[in-house]
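To start, the structure under review is shown below, and the notes come after it.
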Protein chains: 2
Amino acid sequence: MRNLHHSRDNKHSRCGPPSGRMLGFIQPWLLLLLSEESAHGYQLLDKLNQNEDTRGIDPGFLYRTLRQFEEDGLVKSSWDMEGRGPARRVYEVTADGIEYLHSWVGHIRSNRARLGRFLETYESCFG
Amino acid sequence: MRNLHHSRDNKHSRCGPPSGRMLGFIQPWLLLLLSEESAHGYQLLDKLNQNEDTRGIDPGFLYRTLRQFEEDGLVKSSWDMEGRGPARRVYEVTADGIEYLHSWVGHIRSNRARLGRFLETYESCFG
DNA sequence: TCTAATATATGAGTTAGTCATATAGATGAG
DNA sequence: CTCATCTATATGACTAACTCATATATTAGA
């Protein structure tokens with residue numbers, strides 16, 4: 001054991017200690033936020049940081065993800081030169097993006113159910 | 001878009017399409033199964049393949065994970081030479097392993113809750 | 001004796017996400 | 001005016017967590 005109890009001071013282990021964020025969790029949030037209203041990266045970064053569940057995302061990851069979304073046709077972007085500060089690249093979700101979000105939600109539901117089944121088995125063994 | 005709807009025929013995308021397994025999901029199952037009863041790798045592989053939620057795991061990954069668990073003190077192993085076929089390395093969970101499983105479950109619960117909160121937000125926007 | 005099942009293991013590659021850092025325009029303090 | 005800071009986007013290098021392919025050895029059965 002040693003440091004394994006505590007999340008991040010553990011350099012050698014490859015067995016995925018209970019810490020860190022779930023993978024592939026930010027992306028559906030991005031599409032969902034963009035479904036509510038179009039926004040630029042920095043704005044999305046702000047919104048994600050206001051939600052405890054999505055806090056602390058790496059900006060580099062966010063911007064790259066948005067560009068990838070655009071390459072995949074899930075969003076499209078345009079420059080907003082108005083207002084103060086440097087130009088913003090404003091993202092808008094496409095019909096494909098919304099469709100994709102819907103299918104993503106299906107997988108989220110089934111993953112949630114899977115976690116539930118694990119917990120049931122756990123509880124029938126302990127507690 | 002294009003192939004993005006369908007899980008795996010998608011070479012370029014980095015945005016995590018709704019497909020594939022959740023990361024870090026097999027490991028708590030391993031500790032849980034070993035809490036129920038000690039077993040060797042091949043046996044665990046069998047049990048995982050009988051559960052739809054954990055089916056299809058890579059044997060190499062399983063064996064490496066078990067060795068890592070042992071290095072971290074979560075399990076301990078001994079050789080079983082009896083019976084037919086080649087020798088089996090039998091794993092037994094340790095007290096640390098069980099403690100670790102409990103803390104893992106805490107994170108699983110909170111991840112499940114997070115998915116729930118995402119779905120709530122999604123449903124308040126669509127459906 | 002050849003094939004298949006049981007059993008464990010390693011090397012190489014991929015993917016997703018992190019960390020560090022670069023760049024640049026706008027704004028306010030002194 | 002100029003320097004620091006905020007806003008905003010972006011890239012390079014790295015790492016962690018798997019996946020894929022393959023190696024190896026023992027035993028059982030056709």
Side-chain angles (χ1 to χ4, degrees), chain A residues 4 7-30 39-49 54-72 75 77-91, chain B residues 7-8 10-30 39-49 54-72 75 77-91:
Chain A
L4 259 180
S7 323
R8 271 302 170 203
D9 31 35
N10 158 34
K11 306 225 188 281
H12 60 295
S13 173
R14 281 169 203 179
C15 47
S19 74
R21 168 170 3 266
M22 261 183 304
L23 273 79
F25 186 58
I26 290 304
Q27 294 89 335
W29 269 112
L30 283 177
H40 58 270
Y42 202 79
Q43 244 173 345
L44 292 165
L45 208 56
D46 247 29
K47 288 191 185 182
L48 292 174
N49 282 326
T54 53
R55 176 164 301 161
I57 188 196
D58 172 57
F61 179 62
L62 178 116
Y63 288 110
R64 262 194 285 243
T65 301
L66 289 170
R67 305 291 240 115
Q68 186 65 50
F69 277 172
E70 183 157 35
E71 211 181 294
D72 292 338
V75 302
S77 73
S78 55
W79 287 100
D80 173 12
M81 318 299 273
E82 281 147 66
R84 46 197 70 76
R88 279 130 292 191
R89 192 191 279 277
V90 177
Y91 288 95
Chain B
S7 323
R8 271 303 169 202
N10 158 33
K11 305 226 189 282
H12 60 295
S13 174
R14 280 168 203 180
C15 47
S19 74
R21 167 172 3 268
M22 260 183 305
L23 273 79
F25 185 59
I26 290 303
Q27 293 89 337
W29 269 111
L30 283 176
H40 59 270
Y42 203 80
Q43 244 173 345
L44 292 165
L45 208 56
D46 246 30
K47 288 191 184 182
L48 292 173
N49 281 326
T54 53
R55 177 164 301 161
I57 188 196
D58 172 58
F61 179 61
L62 178 117
Y63 288 110
R64 264 194 282 242
T65 301
L66 289 170
R67 302 299 232 86
Q68 186 65 50
F69 277 173
E70 183 158 35
E71 212 183 293
D72 292 338
V75 302
S77 73
S78 55
W79 287 99
D80 174 11
M81 317 300 273
E82 282 148 64
R84 47 200 69 76
R88 279 130 294 194
R89 193 191 279 276
V90 176
Y91 289 94

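Fair warning: this is a prediction, and the values are worked out from it, not measured in the lab.
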Kindly write out the residues that satisfy side-chain hydrogen bond (donor to acceptor under 3.5 Å, both in side chains) with A/R88, not counting sequence neighbours, or none if the list is empty.
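side-chain hydrogen bond (donor to acceptor under 3.5 Å, both in side chains) check on A/R88 returns nothing, list empty.
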Contact list (N/O, under 3.5 angstrom) for nucleotides 11-13 of chain D vs protein:
{"unit_1": "D/dG12", "atom_1": "N7", "unit_2": "A/R64", "atom_2": "NH1", "d": "3.2"}
{"unit_1": "D/dG12", "atom_1": "O6", "unit_2": "A/R64", "atom_2": "NH2", "d": "2.4"}

[X] [atom1] to [N] [atom2]: how many Å, rounded?
| X | N | atom1 | atom2 | result |
| --- | --- | --- | --- | --- |
| A/L30 | C/dG17 | CG | C1' | 14 Å |
| B/L62 | C/dT10 | CG | P | 13 Å |
| A/K47 | D/dA8 | NZ | P | 13 Å |
| A/L66 | D/dA8 | CG | C1' | 12 Å |
| B/E70 | C/dT8 | CD | C1' | 13 Å |
| A/M22 | D/dA17 | CE | P | 16 Å |
| A/W79 | C/dG25 | CH2 | C1' | 11 Å |
| A/L23 | C/dT18 | CG | C1' | 11 Å |

Looking only at non-hydrogen atoms, find the nearest pair between B/L62 and B/G41 and report the distance.
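Nearest heavy atoms, B/L62 then B/G41: CD2-O, 3.4 Å.
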Provide the closest heavy-atom pair for B/Y42 versus B/Y63 in the form atom of the first, atom of the second, distance.
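Scanning both residues completely, I find the closest heavy atoms to be N-OH, 3.4 Å.
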Once side-chain contact (heavy atoms from CB on, under 4.5 Å) is applied, do any residues pair with [X], and if so which ones, sequence neighbours excluded?
| X | result |
| --- | --- |
| B/R67 | B/R89, B/Y91 |
| A/N49 | A/L45, A/R55 |
| B/P86 | none |
| A/F25 | A/M22, A/W29, A/D53, A/T54, B/R114, B/L115, B/F118 |

Would you say a side-chain N or O of B/Q43 is under 4.0 Å from OP1 or OP2 of C/dA7?
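No, because none of the side-chain N or O atoms of B/Q43 sits under 4.0 Å from OP1 or OP2 of C/dA7.
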Do any of residues 81-90 of chain A sit with a heavy atom less than 4.0 Å from DNA chain C, and if so which?
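The stretch gives A/R84, A/G85, A/P86 as the residues lying under 4.0 Å from the strand, ordered by number.
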Side chains of A/D80 and A/H40: closer than 4.5 Å at any heavy-atom pair?
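No - every pair of side-chain heavy atoms lies 4.5 Å or more apart.
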So A/I26 and A/L30, do their side chains get closer than 4.5 Å, heavy atoms only?
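The answer is yes, as the side chains (C-beta and beyond) meet within the 4.5 Å cut-off.
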